[in-house]
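Counting convention: from 1, in listed order, for ligands and their atoms alike.
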Amino acid sequence: MRRFTLAALAATLLAWAQAPANISPDAYLAHVKYLASPELKGRATGSPELETAARYIASQFQSFGIKPVPGSAYQQAFTTTVGARMGPNNRMEGNIPFVPFSFSSSGTVSAPVVFVGYGITANEYHYDDYAGVDVKDKIVLLVRHEPQEADEKSAFQGKVLTQHSTFAIKAVNAKMHGARAVILVNDAYPHHTPQEDRLEPFGRATGPTDAGVLFAQVKESTAETWFKAEGRDLHEVLDGIDKDLKPRSFPLTKLTVNMTIDIQHDIKTVHNVAAYLPGKTSEYVIIGAHYDHLGLGDEHSLAPSQIGTVHPGADDNASGTAGVIELARWFSTQPQQQRGILFITFAGEELGLLGSNYYTGHPLLPLENAVAMLNMDMIGRIRGGKVYVNGTGTGSTLDKLVASVKPPDSFKIDLSEATGYGGSDHMSFTVKQVSVLFFFSGLHGDYHKPSDTWDKIDAPSAAKLLGYVAEIATRLANDSERPKFQRVAEPKAPSGSSSSSSGYGPNFGSIPDFDEPPKGVRFADVRDGTPAAKAGLKAGDILIEFDGRDIGNLYDFTYALQSHKSGDEVLVKVLRGSQTIEAKVLLTERR
Ligand SMILES: [Zn+2]
Ligand SMILES: [Zn+2]
């Protein structure tokens with residue numbers, strides 16, 4: 001008879017007590033296939049198809065006999081601003097063809113026009129289109145993209161467009177210089193093959209909800225006519241800028257433009273979907289995923305030429321949603337756990353973590369009783385067995401716990417990102433001091449494109465991963481010691497590191513809340529050890545002024561940060577409750 005060592009015996013018992021969850025790849029794939037079907041049209045937040053998906057998820061929970069959180073329904077409603085459309089009152093005097101941008105403010109302006117080249121102020125490239133011209137209360141006319149764009153060796157970043165070329169930054173730059181409106185023309189000449197002189201379709205550009213300045217596009221032929229009246233030639237001026245990188249800005253003395261822009265925003269009610277398996281105590285584990293995607297594309301599409309076709313979002317994130325559903329099914333067949341399990345799927349993730357952010361602001365169960373939140377976003381495309389598990393640094397026991405759960409054979413678990421920050425719903429929990437783990441199978445070429453289809457999902461591998469997640473969740477639900485939340489401090493910048501060229505400016509240290517307040521930037525969190533933390537700024541503060549400049553939204557803040565460097569000390573103003581607080585922040589090197 002073989003003699004067992006105590007450890008081997010313990011391991012045997014443990015294996016017996018925790019039979020691995022056997023998730024059916026077929027059942028899993030059926031959910032993915034349905035959620036990513038043409039019928040659900042890409043599950044855009046605010047669309048009727050997202051509501052269809054919500055009902056489907058709720059009906060699955062119900063079919064497993066899992067009830068809503070006591071006192072609630074399966075669906076948690078919240079409202080959000082989705083998209084923008086043109087109202088009936090858009091006009092430019094003289095019947096000039098134009099199109100407003102979706103992030104434009106609404107209103108009427110009648111003002112003289114100043115040509116400001118590309119509308120760029122780039123201290124790092126010693127280039128400023130606004131030098132020497134006064135645009136206060138005027139309309140600025142500017143050209144798309146950036147100088148020397150077609151030149152491999154341009155003074156900017158060669159053929160790679162910098163942040164300065166974006167609509168959003170041009171809008172902020174114009175606003176910061178006091179302009180009331182921006183009129184943009186394409187740079188077909190001199191940088192792009194001259195196609196027809198066209199206006200961009202409405203709603204294709206990313207930006208803030210309201211940039212705080214009117215923003216519209218006219219045709220190049222319109223701009224050329226205006227130039228001719230001044231005795232100038234647009235092409236000549238642009239060639240000149242490309243040649244010596246000297247701005248050629250000037251007021252158009254013969255022109256006053258009168259324009260009205262009317263943008264309307266839709267407010268829609270959308271839903272998170274949650275179900276609860278009670279445990280023997282009031283503590284619980286959260287297993288979540290977002291179930292929305294990009295619908296027919298919108299400005300977040302990475303296949304701009306295919307906007308208007310269904311972006312099915314099979315991996316992003318039918319794969320994680322199907323995971324929540326199948327884990328709910330499996331746990332519903334198990335004996336009652338010590339702690340409860342909350343299964344939740346979120347809307348509005350693609351628009352900026354809206355659903356999870358709403359949830360953590362309006363939790364159905366006390367957040368302090370949540371021992372951990374497990375998030376799955378894109379788990380359907382495991383390649384070479386590689387799986388990322390992020391966030392182990394956020395809970396005192398997570399490192400040990402994850403190390404002690406044996407991953408499926410052939411899996412390589414990557415734990416290198418321990419912070420719990422990063423672009424998916426778990427971050428909404430990290431900033432509320434809930435320990436998190438994030439499961440992710442990596443980015444791929446079909447990300448945010450119509451080609452993210454169900455047939456590319458590796459269901460057998462995803463099912464194996466769910467078995468692994470189930471075991472981690474079981475441990476979190478039953479281990480006597482629960483993880484205590486830990487903040488992962490900002491890693492120290494290596495000494496002697498050279499100036500960053502990331503283009504995002506120096507380090508500040510706040511994590512913005514993507515659900516914009518009416519004005520300013522709300523901090524979802526302020527990371528320990530950062531300049532903002534050292535200055536006493538806190539989560540919940542709303543930044544309204546930075547170095548004497550008004551901050552209306554995240555773009556303004558990004559812009560303000562970019563125009564400073566590490567070592568600068570800036571005075572900022574934040575709203576904290578009804579108080580306005582001033583703080584001096586010493587900016588440091590971004591790591
Ligand atoms: Zn996602
Ligand atoms: Zn996405």
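Seen from the Zn ion (ligand 1), atom OD1 on Asp377 and atom OD1 on Asp316 lie at an angle near 90° (rounded to 10 degrees).
Metal site remark for the Zn ion (ligand 2): His448 contributes an N, O or S atom at a distance under 2.8 Å. Distance check for His293 against the Zn ion (ligand 1): none of its N/O/S atoms falls below 2.8 Å.
In this structure, the side chain of His293 does not engage the main chain of Gly295 through any donor-acceptor pair within 3.5 Å.
Residues Val324 and Phe346 fail the side-chain proximity criterion, which asks for heavy atoms closer than 4.5 Å. Between Asp541 and Arg522 the shortest side-chain heavy-atom distance does not fall below 4.5 Å.
Ring geometry for Phe215 against Phe167 counts as perpendicular: the plane angle is over 60°, on a 0 to 90° scale with 30° as the lower cut.
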